[in-house]
Amino acid sequence: LTNRREVTMKKIILISGILTFLLLANTAISKTVRVATTDALGAISSQIELAEKLYKKSGVKLDIDILPFNDLYAKLQTMCQVGNDEYDAMWVDGPWYGAFVDAGCFEDLSSLVKNNSDPNELALDDFPIRTIAYQGVWDGKFYVIPQFHAVGMLTYRKDLLNDPKNKRDYKEKYGSELRVPQTWVEYVQVGTFFTRPEEELWGFNHRYGSGNNIIADLLIGYAYSRDAQLFDENFNPTFDSENFKAAAEFFLSKKFLSMQPPGAESFSFAEVIQNMQQGKVAMYLTENWAIPTLRDPNKTPYAKNIGYARVPGWADPVSGKIKRGTMVGAGGYAINANSKNKKETFEFLQFMLGKSLAPQIADEQGWAIRTSVYTDPKFVKKYDYFPVNLSNVKISVARPGDPWWGEVEFTAGKELQSILLGNKTVDKAMTDASASVRKILTKYNYYKNNKKYLHPEQKEAEACQVMRSLRVRHPDC
């Protein structure tokens with residue numbers, strides 16, 4: 001009996017040793033993929049939370065760090081400057097690309113796409129080419145897998161525009177049908193009609209409260225649709241061009257401001273979306289990332305009465321054809337060039353941003369970035385703004401992603417605010433803006449180094465060339 005017990009104990013010890021060895025071996029070979037992202041938009045944080053819950057990969061652990069937007073930028077900037085690998089992957093905003101590439105922080109994803117991707121899952125041909133151009137490619141290389149393509153979207157009160165009495169009164173006053181505005185001239189006319197301070201109702205509202213807010217709303221709506229550009233092909237600033245000045249004069253005029261709630265001069269994102277949520281404005285020009293919030297009845301009492309439409313444009317005085325354009329924002333996920341787990345990181349990003357998970361994200365969260373989701377009949381029926389979103393993607397123009405953009409945005413925005421406050425004329429402010437911005441670019445040696453600014457069609461051509469180098473046959477190329 002004693003011998004039998006000794007044998008049993010030896011077996012237990014042996015088995016325990018083997019299990020301990022296997023556990024230690026597994027721990028030794030497992031890798032941790034560390035990802036830095038932001039809670040600035042629900043569409044960003046909710047996606048990675050879903051992916052983290054669903055991702056199952058033997059030998060790979062996930063460590064997700066969700067940070068406030070400004071904290072994320074500061075932390076990534078420090079990481080990139082010292083060249084460490086605190087994070088393997090990071091969510092990055094479009095205007096950050098140039099600075100992080102210059103710091104050697106972004107891994108060129110070409111080799112990983114060619115050798116480690118599942119073409120049907122990564123499916124780069126399923127992103128609109130303009131999304132690839134502005135969210136994925138920088139300086140002729142593919143650095144970022146797109147995560148979100150934020151574009152302008154016109155929201156409006158369906159109950160107001162469809163009301164029979166409003167329709168009769170509008171036609172009697174203007175001689176035309178009340179409808180969702182197709183042009184900015186119509187936008188002002190409809191806004192004038194619905195500006196009724198005695199009812200606590202105004203035509204619309206915009207963000208003027210800071211330099212970056214005021215220039216963003218100008219670009220989302222009025223400047224790009226007027227064919228205004230920030231720079232010519234040689235990076236000469238064109239804030240003082242006739243088209244840019246005309247857009248600024250329209251956007252900052254006393255008449256335009258009179259159709260907005262009191263205090264509009266100081267409005268930021270919180271005020272303008274809240275006014276739409278509470279039914280205080282008939283229309284609101286926003287970005288598509290705000291739509292899930294506007295559709296949520298728990299957050300937006302007027303949710304069921306809000307409709308979504310294309311950004312209006314300017315009608316050509318001869319042909320009558322409407323020219324539209326809007327700003328694109330947001331970005332995607334890059335891999336740290338200093339990461340020791342690039343393959344494992346790429347595989348996780350492919351899962352999170354891939355074609356298989358995209359329908360579930362659309363179904364649960366109400367947003368899309370892939371062509372197949374924008375156009376899926378199931379989602380078009382459920383989210384009637386998806387085709388509208390895609391049409392706005394195709395006319396979107398990004399802010400520069402160069403290291404100096406933040407400084408330029410602040411400087412130009414301050415000049416726009418000087419017009420708003422009556423301290424400068426449009427001509428003076430826009431002339432000063434171009435001169436100040438030129439000094440900033442001179443400081444960054446952009447003229448000495450003969451840098452070229454690519455306009456939208458040139459950016460698409462660049463993206464198509466990159467796709468061909470990755471052996472991707474893109475339908476838009």
Practice item. Please say which of Lys443, Lys414, Lys439 ends up in a salt bridge (Lys or Arg N to Asp or Glu O under 4.0 Å) with Glu407. Key: Lys443
Review point. Could Lys428 and Glu415 be called an ion pair, given the rule that one side-chain N must be under 4.0 Å from one carboxylate O?
Key: no
Exercise for review: Count the heavy atoms belonging to other residues, nucleotides or ligands that lie under 6.0 Å from CD of Gln278, then report whether that count exceeds 12.
Suggested key: yes
Review point. Would you call Asp125 and Arg473 a salt bridge, using N to O less than 4.0 angstrom?
Key: no
Check your understanding: Is it the case that more than 12 heavy atoms not belonging to Lys424 sit under 6.0 Å from its NZ atom?
Key -> yes
Check your understanding: If you look only at pairs with a residue in residues 196-218, which of them pass as a ring-ring contact (aromatic ring centres under 6.0 Å, His included), with sequence neighbours excluded?
Key -> Tyr187-Phe204, Phe204-His206, Phe204-Phe256, His206-Tyr222, His206-Phe251, His206-Phe256, Tyr208-Phe251
Exercise for review: Please indicate whether Lys171 has more than 12 foreign heavy atoms, meaning atoms of other residues, nucleotides or ligands, lying under 6.0 Å from its NZ.
Suggested key: no
Check your understanding: Taking the side chain as C-beta and beyond, is there a heavy-atom pair between Ile273 and Leu294 under 4.5 Å?
Key -> yes
**Study point:** Check ion pair Lys382-Asp363 (N to O, under 4.0 angstrom)
**Key:** yes
Point to revise | Qualifying disulfide (SG to SG under 2.5 Å) pairs with a residue from residues 424-477, counting only residues at least two apart or across chains | key: Cys464-Cys477
Review point. After noting the C-alpha distance and the side-chain angles of Lys167 and Glu177, does the key distance pass the salt bridge (charged side-chain N to carboxylate O under 4.0 Å, His left out) rule?
Key: CA-CA 7 Å; Lys167 284 183 172 292; Glu177 300 295 332; 5.6 Å; no
Check your understanding: Are Arg207 and Glu271 close enough for a salt bridge, meaning some N to O gap below 4.0 Å?
Key -> no
Exercise for review: Classify the side-chain pair Asp402/Tyr446 by whether it contains a donor and acceptor separated by less than 3.5 Å.
Suggested key: yes
Exercise for review: Determine, for Lys245 against Asp240, whether the closest basic-nitrogen to carboxylate-oxygen distance falls under 4.0 angstrom.
Suggested key: no
Check your understanding: Is there side-chain contact between Val397 and Tyr134, with heavy atoms separated by less than 4.5 Å?
Key -> yes
Exercise for review: May I ask you to check whether over 12 heavy atoms, not counting those of Glu172, lie within 6.0 Å of atom CD?
Suggested key: no
Review point. So, for Phe239 and Ser434, which heavy atoms are closest and what is the spacing to 0.1 Å?
Key: N-OG, 3.1 Å
Review point. Is it the case that more than 12 heavy atoms not belonging to Lys299 sit under 6.0 Å from its NZ atom?
Key: no
Exercise for review: Check whether more than 12 heavy atoms from other residues, nucleotides or ligands sit under 6.0 Å from atom CZ of Phe410, and answer yes or no.
Suggested key: no
Practice item. Determine, for Asp169 against Lys165, whether the closest basic-nitrogen to carboxylate-oxygen distance falls under 4.0 angstrom. Key: yes
Check your understanding: Can you name the nearest heavy-atom pair linking Phe250 to Trp184, along with the distance?
Key -> CZ-O, 3.7 Å
Exercise for review: Report the C-alpha distance between Asp126 and Arg370 in whole Å, list the side-chain angles of each, state the deciding distance to 0.1 Å, and finish with yes or no for salt bridge (charged side-chain N to carboxylate O under 4.0 Å, His left out).
Suggested key: CA-CA 6 Å; Asp126 191 37; Arg370 290 182 171 274; 3.5 Å; yes
